[in-house]
2 protein chains.
Amino acid sequence: MTPPLPPESLTQRLADSGLRATPQREVIYSVLLRKRDHPTAEEVFARVKAELPTISLATVYNCLETLVQCELVRAVNFERSPTRYCPNLRPHAHFHDEQTGRTYDIDLPPAVLAEVNQVLPSGFDASSVEITFRGQARNAS
Amino acid sequence: MTPPLPPESLTQRLADSGLRATPQREVIYSVLLRKRDHPTAEEVFARVKAELPTISLATVYNCLETLVQCELVRAVNFERSPTRYCPNLRPHAHFHDEQTGRTYDIDLPPAVLAEVNQVLPSGFDASSVEITFRGQARNAS
DNA sequence: CTTGGAATTGGAATTATTCCAAAGAGCCAA
DNA sequence: TTGGCTCTTTGGAATAATTCCAATTCCAAG
């Protein structure tokens with residue numbers, strides 16, 4: 001498990017980008033940290049409303065985008081289904097269970113990451129790689 | 001370069017799924033083979049209209065989906081941008097150039113593929129992996 | 001205080017894709 | 001050949017996720 005980041009991290013990261021730590025941003029981020037099940041924007045919206053009943057969906061989209069910009073959160077896409085959000089900052093792949101639709105984080109050892117980057121011919125300069133598995137998880141995690 | 005598949009392959013693959021080889025399906029497939037630049041459905045639509053001026057966009061979507069089902073074509077998604085289509089059946093990754101938006105195929109040696117699959121903990125049974133690079137290509141291919 | 005930029009909000013707009021019902025085509029049996 | 005059956009195509013309406021926009025609201029600094 002990734003240890004939860006200390007709360008000053010949000011404020012700090014936002015400040016680094018010249019942005020403010022608003023209640024909306026804080027609650028959205030804490031919601032992501034609390035339940036790391038890769039929720040969609042709509043799901044985040046529903047969870048955040050418990051604490052901020054008047055928040056708007058547009059704000060949820062705005063804040064999620066902001067958190068992604070600040071690299072506090074990763075946006076995860078699977079085919080054309082709604083974008084999901086993930087506060088796991090360590091290098092990891094995603095496993096998409098075809099039956100349940102659930103998404104699992106799969107830790108990526110640096111060695112594998114290095115190996116994968118080897119496949120690029122010269123002339124290709126990658127700033128990031130994304131690895132997504134699809135299949136069946138008979139798992140409890 | 002992947003050698004172009006012989007034309008009977010389409011008919012055969014369709015027949016295997018109990019489907020017919022219609023002019024629409026044939027032209028769409030040939031358009032994909034002719035220019036392998038990962039076109040979107042709209043782009044395929046535009047190209048196909050040169051040969052079949054009365055084809056509809058719905059048909060393009062239908063046929064592309066059919067070709068994907070028959071495993072003659074791969075659907076490629078990058079973030080939430082429109083789905084692109086690719087007749088390269090060999091195992092390969094995609095490189096997405098951030099400047100130009102172009103997509104390149106990157107051949108995946110079986111060894112690397114095997115290595116990547118190693119990262120899955122027991123209990124995860126993957127039927128496919130997708131690897132996508134993002135970055136800059138100073139390339140001519 | 002006041003004021004300017006940042007942030008939020010609700011609703012309209014956009015966009016890719018799917019849905020749907022009607023018309024068209026191909027093929028087999030009578 | 002003529003139905004009749006199923007598969008396909010078609011155009012347009014519908015859907016769904018996301019973005020846009022203009023109007024507040026919120027702060028933070030002077």
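What you are looking at is a predicted structure, and each value in this text was computed from that prediction instead of being measured. In what follows, chains are A, B, ... by sequence order, proteins preceding strands, each numbered from 1.
Under the side chain to side chain contact (heavy atoms under 4.5 Å, CB included) test applied with B/Arg84, the options B/Arg74, B/Glu43, B/His96 reduce to a single match, B/Glu43. Under the side chain to side chain donor-acceptor pair (under 3.5 Å) rule, B/His94 has a single partner from B/Asn88, B/Asp105, B/Thr132, which is B/Asp105.
B/Leu19 has its side chain out of reach of B/Gln69: every pair of non-hydrogen atoms, C-beta onward, lies at least 4.5 Å apart. With a 4.5 Å cut-off on side-chain heavy atoms, A/Arg134 and A/Phe78 count as touching. Side-chain atoms of A/Asp16 and A/Cys70, non-hydrogen and from C-beta on, never get closer than 4.5 Å to each other.
Rounded to whole Å, atom P of C/dA7 lies 13 Å from atom CD1 of A/Ile28. Remark: P of C/dA6 and CG of A/Leu19 are 9 Å apart, rounded to the nearest angstrom. Rounded to whole angstrom, the span from the OH atom of B/Tyr85 across to the C1' atom of C/dT17 amounts to 9 Å.
When the nearest nucleotides of DNA chain C are assigned to B/Ala58 and B/Pro82 by heavy-atom distance, the more 5′-ward of the two goes with B/Pro82. Of the two residues near DNA chain C, B/Arg84 and B/Asn62, the one whose nearest nucleotide lies more 5' is B/Arg84. Comparing B/Gly18 and A/Glu65, the nucleotide of DNA chain D nearest to each residue sits closer to the 5' end for B/Gly18.
For A/Glu71, the CD atom sits in a loose shell: 12 or fewer heavy atoms of surrounding residues, nucleotides or ligands are nearer than 6.0 Å.
Scanning residues 39-57 of chain A for heavy-atom distances under 4.0 Å to DNA chain C yields A/Thr54, A/Ile55, A/Ser56.
The OG1 atom of A/Thr54 sits 6.5 Å away from atom CG of A/Leu52, with the distance rounded to the nearest 0.5 Å.
Among the nucleotides C/dA25, C/dT17, C/dT8, the one closest to any side-chain atom of B/Arg20 is C/dA25.
Counting non-hydrogen atoms under 4.0 angstrom, B/Thr59 reaches a base of the nucleic acid.
Centroid-to-centroid, the aromatic rings of B/Phe124 and A/Tyr104 come within less than 6.0 Å.
Taking hydrophobic clusters as Ile, Leu, Val, Met, Phe, Trp and Tyr residues chained together by side-chain heavy-atom distances below 4.5 Å, A/Val76 does not share a cluster with A/Leu108.
On the nucleic acid side, DNA chain D contacts chain B at distances under 4.0 Å to non-hydrogen atoms, with the end points of that region at D/dT6 to D/dT18.
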